[in-house]
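Reminder, nothing fancy here: chain letters follow the sequence lines and each chain counts from 1.
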There are 2 protein chains.
Amino acid sequence: MKRSNAQRLRDALEDDIINGRRAPGERLEPEALCRDFEVSRTPVREAIQQLVASGLVTVSPKKGTFVARVGLDQLVEMFEVMAELEGMCGRLAARRITEEELDALREALMRCEAAAKAGDTDEYYYENEGFHHAIYAASHNGFLAEEARQLKQRLKPYRRLQLQVRKRMGRSLDEHREILAAIEHGDAERAERLLRAHVVIQGERFSDFVSSVRRFGARLDAV
Amino acid sequence: MKRSNAQRLRDALEDDIINGRRAPGERLEPEALCRDFEVSRTPVREAIQQLVASGLVTVSPKKGTFVARVGLDQLVEMFEVMAELEGMCGRLAARRITEEELDALREALMRCEAAAKAGDTDEYYYENEGFHHAIYAASHNGFLAEEARQLKQRLKPYRRLQLQVRKRMGRSLDEHREILAAIEHGDAERAERLLRAHVVIQGERFSDFVSSVRRFGARLDAV
DNA sequence: AGCATCGCTGATGTATACATCAATAGACCC
DNA sequence: GGGTCTATTGATGTATACATCAGCGATGCT
């Protein structure tokens with residue numbers, strides 16, 4: 001399928017932002033984008049509007065457009081909602097998952113284990129995503145899955161901090177095993193609770209996370 | 001503040017769709033909009049793109065643009081998520097609400113009671129919304145409140161069916177009273193449960209709702 | 001020197017012309 | 001007669017020119 005320039009531009013920018021190649025707070029210059037992508041202002045404008053709609057970019061009228069920089073308070077709010085959505089996916093998945101989906105989930109977990117054993121953080125990060133997406137799909141609620149996916153995208157620039165917390169990878173893997181077990185047993189309540197807790201924003205991890213973000217934020221302010 | 005033509009057009013269309021003046025499935029003709037609003041295709045295009053992003057409108061390439069018509073299955077999915085968000089708002093509100101917010105919530109309930117006593121369905125619908133928004137605000141999670149508000153908007157074309165179910169208004173009011181009581185007592189779990197159930201998609205009401213939608217859908221197919 | 005006003009400049013919004021693509025229908029070939 | 005190829009057409013995407021507006025700085029007045 002042939003994608004429009006606006007779409008390609010949108011995807012490229014989104015990817016840049018999500019993967020940290022453009023940091024929160026960074027200025028986006030429409031003219032530079034016009035040159036780099038060899039298109040006129042129209043598709044650039046369109047792409048930026050879409051990014052604004054999805055919350056990844058903000059525009060200050062007559063000031064410029066910037067990669068969205070969410071305050072710590074809003075970040076906490078977003079993680080709070082993310083935890084709820086994850087929990088809901090888990091609850092529904094525990095009730096509704098099919099055998100095929102269960103197999104897929106087990107495989108996703110195995111890939112996580114392989115990445116963890118290899119000590120490959122980036123790979124683990126990627127496979128971790130696969131595991132969660134498998135749960136989203138198993139919720140048999142496409143709308144929920146899409147909402148969860150979108151919010152996760154939006155949090156991605158900050159989530160990569162999570163796994164850098166020491167020993168996070170090993171703990172995450174243990175939690176994955178527990179989550180899988182709960183879903184296998186059809187224990188909806190337990191799956192929900194585990195997945196909620198799995199989002200690193202609760203309990204004693206919270207302060208670790210906040211300090212991570214604070215450091216990250218400080219670095220960004222210097223940009 | 002001076003709003004752009006695209007924004008005004010977007011708001012006008014959104015309002016039309018949400019309030020049923022443009023029914024799901026109806027065709028939106030860009031040229032007609034250009035004439036009616038006396039603008040060129042650019043702002044019309046922009047407005048439509050925004051509506052697509054918010055899910056109220058869909059475009060079939062080379063076929064035309066239409067008011068989004070969500071299938072029954074997707075509608076159920078969306079209500080399932082709505083129930084979760086409402087419940088979450090209630091849970092957080094029960095824990096975090098301030099005295100001022102509690103007063104506002106009590107007043108919102110009183111306005112609902114007044115509208116119900118007057119038998120004014122439209123007014124009740126409006127005040128009902130006020131009650132729920134008061135709970136959103138009391139959750140002290142602005143992001144959650146905004147997500148809930150948006151999803152509610154998106155469901156509005158279908159939600160107006162709910163209250164038309166016989167006796168729904170009286171039951172809704174009773175539930176509001178219970179919800180308020182739970183929040184007043186800081187009973188988070190109960191507030192969550194009540195608000196979840198309050199969204200008409202569960203239990204025995206579900207089939208009533210489905211048949212409402214089916215009738216509505218049938219009428220739409222005839223358009 | 002401080003303040004206000006004027007005008008410049010760059011950002012934003014809009015109109016319009018143009019390019020491109022896909023669906024449809026018609027004609028031509030088999 | 002049917003299928004396929006193609007030409008037309010309308011919808012969509014893009015470029016560019018133009019209009020408008022707010023911010024900001026310079027200049028002049030008090």
Side-chain angles (χ1 to χ4, degrees), chain A residues 1-17 21-70 220-221 223, chain B residues 1-17 22-71 220-221 223:
Chain A
M1 168 178 174
K2 191 130 185 156
R3 306 173 55 68
S4 73
N5 285 340
Q7 289 303 312
R8 288 192 298 103
L9 185 47
R10 177 197 176 286
D11 289 346
L13 286 175
E14 181 175 289
D15 199 60
D16 278 359
I17 294 170
R21 285 188 296 281
R22 291 180 192 270
E26 185 177 329
R27 182 183 206 108
L28 289 178
E29 300 190 33
E31 297 183 15
L33 296 173
C34 286
R35 270 184 280 106
D36 294 349
F37 285 82
E38 297 178 324
V39 295
S40 76
R41 268 185 52 220
T42 307
V44 171
R45 179 184 170 83
E46 203 158 300
I48 287 179
Q49 282 177 342
Q50 290 184 36
L51 291 170
V52 169
S54 72
L56 283 172
V57 162
T58 56
V59 305
S60 305
K62 307 290 178 183
K63 289 296 182 62
T65 77
F66 305 85
V67 176
R69 163 185 255 148
V70 301
L220 288 178
D221 286 335
V223 171
Chain B
M1 170 177 171
K2 190 130 185 150
R3 304 172 57 67
S4 74
N5 285 339
Q7 288 304 312
R8 288 193 296 102
L9 185 48
R10 176 197 176 287
D11 289 344
L13 286 175
E14 182 176 288
D15 199 60
D16 279 358
I17 294 170
R22 292 180 192 270
E26 184 177 330
R27 183 184 205 107
L28 289 178
E29 300 190 29
E31 296 183 16
L33 296 174
C34 286
R35 271 185 279 104
D36 294 348
F37 286 82
E38 297 179 324
V39 294
S40 77
R41 269 185 51 218
T42 307
V44 171
R45 179 183 170 83
E46 202 157 302
I48 287 179
Q49 282 178 341
Q50 290 184 35
L51 291 170
V52 169
S54 73
L56 284 172
V57 162
T58 57
V59 305
S60 305
K62 309 289 177 185
K63 290 295 183 62
T65 77
F66 305 86
V67 176
R69 163 185 256 150
V70 301
L220 288 178
D221 286 335
V223 171

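Spacing between atom CG of A:L9 and atom C1' of D:dT14 amounts to 13 Å, rounded to whole angstrom units. Separating the CZ atom of A:R45 from the C1' atom of D:dG13 is a distance of 15 Å, rounded to the nearest angstrom. The separation between A:E31 atom CD and D:dA15 atom C1' is 15 Å, rounded to whole Å. The interatomic distance linking A:E29 (CD) with C:dT12 (P) rounds to 11 Å, in whole Å. Regarding B:L33, its CG atom lies at a distance of 13 Å from the P atom of C:dA15, rounded to whole Å. At whole-Å resolution of the value, CD in B:E38 and P in C:dA15 are 10 Å apart. One can place CD1 of A:I48 at 12 Å from P of C:dA11, the figure rounded to the nearest angstrom. A:E46 has its CD atom 11 Å from the P atom of D:dA15, to the nearest Å.
For the side-chain contact (heavy atoms from CB on, under 4.5 Å) with A:L28, the qualifying choice from A:V59, A:V57, A:T58 is A:V57, the only one to do so.
At a threshold of 4.5 Å between non-hydrogen side-chain atoms, the residues A:Q50 and A:Q7 count as touching. When side chains are defined from C-beta on, A:R45 does not count as touching A:P30, because their heavy atoms never get closer than 4.5 Å.
Residue-level contact check: A:Q49 touches neither bases nor backbone, having no heavy atom under 4.0 Å from any strand. Counting non-hydrogen atoms under 4.0 angstrom, A:T65 reaches nothing in the nucleic acid. Looking at heavy-atom distances under 4.0 Å, B:V59 makes no contact with the nucleic acid at all.
Distance check: A:L56 CG to A:R10 CZ gives 8.0 Å after rounding to the nearest 0.5 Å.
Contact of A:R41 with C:dG13 (side chain to base): a donor-acceptor pair of N or O atoms is detected under 3.5 Å.
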### Task
Begin with the C-alpha distance, continue with both residues' side-chain angles, and end with the deciding distance and a verdict on side-chain contact (heavy atoms from CB on, under 4.5 Å) for A:L33 and A:L13.
CA-CA 10 Å; A:L33 296 173; A:L13 286 175; 4.0 Å; yes

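Closest to the B:K63 side chain, of the nucleotides C:dG13, C:dA15, C:dA23, is C:dA23. Considering only the side chain of A:K62, D:dA22 comes nearest among D:dT16, C:dT16, D:dA22.
For B:T42, no side-chain nitrogen or oxygen approaches OP1 or OP2 of C:dT14 to under 4.0 Å.
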